[in-house]
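Read through the structure below, which is laid out as structure tokens, and then see the notes.
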Amino acid sequence: MSSLKRVQQWATFARIWHIYDASWQNPFQSAGLLKKYLMGTYKPIYHPLNDCGDHVVVINSGDIALPGDEWKKRVYFHHTGYPRGASWTLAWQLHKKDPTLVLKKAVYNSMDGNLQRRYTMERLHIYPDANVPADIMKNISNQLATPREVPKRLDHYSEKEVEEFPKIMDYPKNYILR
Amino acid sequence: MSNSHLLMKAGFITSPAQNGVGRYVCQLQRVVLKFCKNNGSSRGVRDFIESDLVNFAKDHPGVVVYLKPRRHRGPVIVAEYLNGEKQHVYCRNFTSEVVSKWLTLLKNQQGNHEGMRLRKMWHTDHPSIQGPWTPYTFREPSLNLAEFPNDKLSSPASLEPSATDRLIEAFKKQQLKELE
């Protein structure tokens, strides 16, 4: 391969590091998005034998939002292999023990159960908060857009913004606020 | 379905020294037709020899045609190419049209690809004019100066304005009207 073609090969098969903020996001919906980038299926050069998957760094996995009753009702089953080794762990219990596991399992279970899955999962880096090691932050060159918009808490609005916001209606003058 | 492709050698289709781009040289060197003079299986070959063979030989002066009548043997066409490869085609019970078609194939080929799985049926020295895709081909240039994590890049691309956005826009319009 000439040196020009070698550089072209490096450019085409370059591995990109993406960052994804998982706060207020549904982990199962996020899994579908992250899977696309981990496997490299968004690339026109994709082939399962091509090793073209990218790295994805997920932050704030401790702030994920499960829909409805899932925190109370979703159960993770594990069997040690030994007799009486079955355990059923609820999602909130698992999240308390390790805040990265719910999202990690969601991504793992969204993938096909083939031999590439374990290797693809190696490229996923999940952090429970925004503290990411400096040498990983240096690599990041792209941010993935979240599927769900993060709502703004009412107490996070500044006083100026509250004053300037258009008032549609107001309490009657005689009304006494408790 | 068959799995014979798994054990075959795989290769790309090639032509020696870009044959056909500039000058075209027919890669078939010689063709040997072996047939029996009166067995029924050689009837098609015999019919071909009587009808189309001379035209074939005249049309392709660069190809040497040999005829070998071999009694009590099955009919075969053996083609030899300029690179030394040989290909034989057993013509038992073929019609003369089929023999003619096989000869055309042997003449048009750039070499013998039997027993090889052709990975692509085409070849080009310039598969891309504008350059192959890289992850940076359709990348937003503003990403080069972005700091990560970035709130603006993280928010989803909103196609429709939300109720809050519409309210704020309506308020701004009202304020502008009041100024006028």
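Given the structure is predicted, the values throughout are model-derived calculations rather than measurements. Proteins come first, then strands; the chains are lettered A, B, ... in the order of their sequence lines, and each starts at number 1.
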_One pair to check against side-chain hydrogen bond (donor to acceptor under 3.5 Å, both in side chains): T146(A) and Y20(A). What are the steps and the verdict?_
CA-CA 7 Å; T146(A) 57; Y20(A) 178 76; 5.8 Å; no
*Sort out for me which of I59(A), I168(A), N142(A) touches chain B most, counting heavy-atom pairs under 4.5 Å.*
N142(A)
_Let's test your reading of the structure: which of P147(A), A11(A), A130(A) forms the most heavy-atom pairs below 4.5 Å with chain B?_
A11(A)
Chain B contact via [X] - which portion, at a heavy-atom distance below 4.5 Å:
{"X": "E149(A)", "answer": "both"}
{"X": "D54(A)", "answer": "neither"}
{"X": "R148(A)", "answer": "backbone"}
{"X": "L144(A)", "answer": "backbone"}

_Are more than 12 heavy atoms, taken from residues, nucleotides or ligands other than K5(A), located less than 6.0 Å from that residue's NZ atom?_
no
*Are the aromatic ring centres of H125(A) and W17(A) under 6.0 angstrom apart?*
yes
*asked:* Quiz question: by atom type and distance under 3.5 Å, do the side chains of D125(B) and Q18(B) form a donor-acceptor pair?
replied: yes
*Are the side chain of D21(A) and the backbone of S23(A) linked by a donor-acceptor contact shorter than 3.5 Å?*
yes
*For H88(B) and Y90(B), run ring-ring contact (aromatic ring centres under 6.0 Å, His included): C-alpha distance rounded to whole Å, both residues' side-chain angles, the deciding distance at 0.1 Å, then the answer.*
CA-CA 7 Å; H88(B) 55 261; Y90(B) 294 114; 5.2 Å; yes
*Please confirm whether R74(A) makes a cation-pi placement over F28(A), using NZ or CZ under 6.0 Å from the six-membered ring centre and within 45° of the ring normal.*
yes
_If the contact rule is any heavy atom under 4.5 Å from chain A, which residues of residues 149-175 of chain B qualify, in numerical order?_
P149(B), N150(B), L153(B), S154(B), S155(B), P156(B), T164(B), L167(B), I168(B), F171(B)
*Aromatic plane relationship, Y175(A) with Y171(A) - under 30° parallel, 30 to 60° tilted, over 60° perpendicular*: parallel
*Could you go step by step and tell me if Q109(B) and L106(B) meet the side-chain contact (heavy atoms from CB on, under 4.5 Å) rule?*
CA-CA 5 Å; Q109(B) 274 184 163; L106(B) 294 169; 4.2 Å; yes
